[in-house]
Amino acid sequence: MSDACAIPATGNGFLAGMLQYFDCQAQTIGETGYQALASPGSSVSLALTALLTIFIALYGIRMLMGQVPSLGETMAGILKIGIVLALATSWAAYRVIAYETVLHGPAEIVEAIGSPSGLPGAEGGLVARLQWADDRIVALSALGTGRFDPVPTGQGGTSSANPEKYTPI
């Protein structure tokens with residue numbers, strides 16, 4: 001499944017490409033992990049089946065003892081079972097409820113609140129801002145340190161281009 005993730009090229013846009021690649025790999029790992037968990041022979045699937053059996057057995061014993069649950073308690077129990085099974089075996093359900101809420105939710109909230117207020121950076125685009133900073137660092141590295149490297153002429157280490165005394169490091 002990792003073949004679906006595009007490997008970023010070096011050069012322009014490298015940082016943005018790497019961030020997209022990492023996000024794609026994280027989604028792929030999550031999806032394949034959940035597929036492995038939901039497979040019929042997995043230990044998690046067997047544990048979920050055992051827990052479901054125990055839950056139903058306890059519910060039945062409770063009814064045999066004369067404590068008949070109300071309709072509300074029964075619906076709450078069925079809802080609990082459904083939620084646990086959906087989250088434990090379905091990557092699509094987990095992705096919507098947990099993954100996207102944690103990773104994309106804060107940015108959406110900041111954009112919804114900050115854009116009307118005119119806050120800088122509120123329109124999102126963290127990847128674009130990081131890529132801009134990376135491009136500037138690459139440009140700065142290409143320029144070098146910016147030190148003037150005079151050629152010492154004669155005595156005292158002075159240069160005609162720089163009349164001040166040059167002291168080597």
Side-chain angles (χ1 to χ4, degrees), residues 1-139 141:
M1 292 213 70
S2 63
D3 296 337
C5 299
I7 298 173
T10 58
N12 291 339
F14 176 72
L15 182 68
M18 282 303 296
L19 291 174
Q20 289 172 349
Y21 179 75
F22 289 149
D23 190 43
C24 179
Q25 287 294 328
Q27 288 181 2
T28 302
I29 290 169
E31 185 176 352
T32 54
Y34 264 80
Q35 286 174 351
L37 290 176
S39 67
S42 73
S43 59
V44 173
S45 178
L46 295 173
L48 282 173
T49 304
L51 289 173
L52 181 61
T53 304
I54 292 170
F55 181 81
I56 292 172
L58 290 174
Y59 219 74
I61 291 171
R62 188 173 154 199
M63 289 176 71
L64 285 173
M65 295 296 192
Q67 297 177 354
V68 179
S70 68
L71 181 62
E73 290 175 341
T74 304
M75 292 307 293
I78 292 172
L79 188 63
K80 288 176 190 176
I81 291 171
I83 289 172
V84 168
L85 289 178
L87 290 176
T89 60
S90 173
W91 166 248
Y94 179 79
R95 188 183 72 209
V96 169
I97 292 173
Y99 181 82
E100 289 182 3
T101 301
V102 169
L103 293 182
H104 301 295
E108 290 178 11
I109 292 171
V110 167
E111 185 176 356
I113 295 172
S115 291
S117 303
L119 293 174
E123 60 277 346
L126 176 64
V127 173
R129 290 191 312 244
L130 288 173
Q131 183 59 54
W132 180 85
D134 184 56
D135 290 342
R136 295 311 166 282
I137 291 170
V138 168
S141 297

Residues 5-13, side-chain donor-acceptor partners within the protein, below 3.5 Å, at least two apart:
none

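Once rounded to the nearest 0.5 Å, the distance linking OG1 of T53 with CG of L48 reads 10.5 Å. To the nearest 0.5 Å, atom CD1 of residue I83 and atom CD1 of residue I97 are 7.5 Å apart. Atoms CG and CD, from L103 and Q27 in turn, are 8.5 Å apart once rounded to the nearest 0.5 Å. Here CZ of R95 is found 12.0 Å from OH of Y34. Values are rounded to the nearest 0.5 Å. Between E108 atom CD and T101 atom OG1 the span is 8.5 Å, to the nearest 0.5 Å. Note that the CG atom of L64 and the OH atom of Y59 stand 13.5 Å from one another [nearest 0.5 Å].
With sequence neighbours left out, the side chain to side chain donor-acceptor pair (under 3.5 Å) criterion links E73 to R62. Residues passing the side chain to side chain donor-acceptor pair (under 3.5 Å) test with Q131, sequence neighbours excluded: D135.
L130 and L15 get closest at one heavy-atom pair: O-CD2, 3.2 Å. When every heavy atom of A112 is checked against every heavy atom of P116, the shortest pair comes out as O-CD, 3.3 Å.
The aromatic rings of Y99 and H104 sit perpendicular to each other, their planes meeting at more than 60°, with 30° as the lower class boundary.
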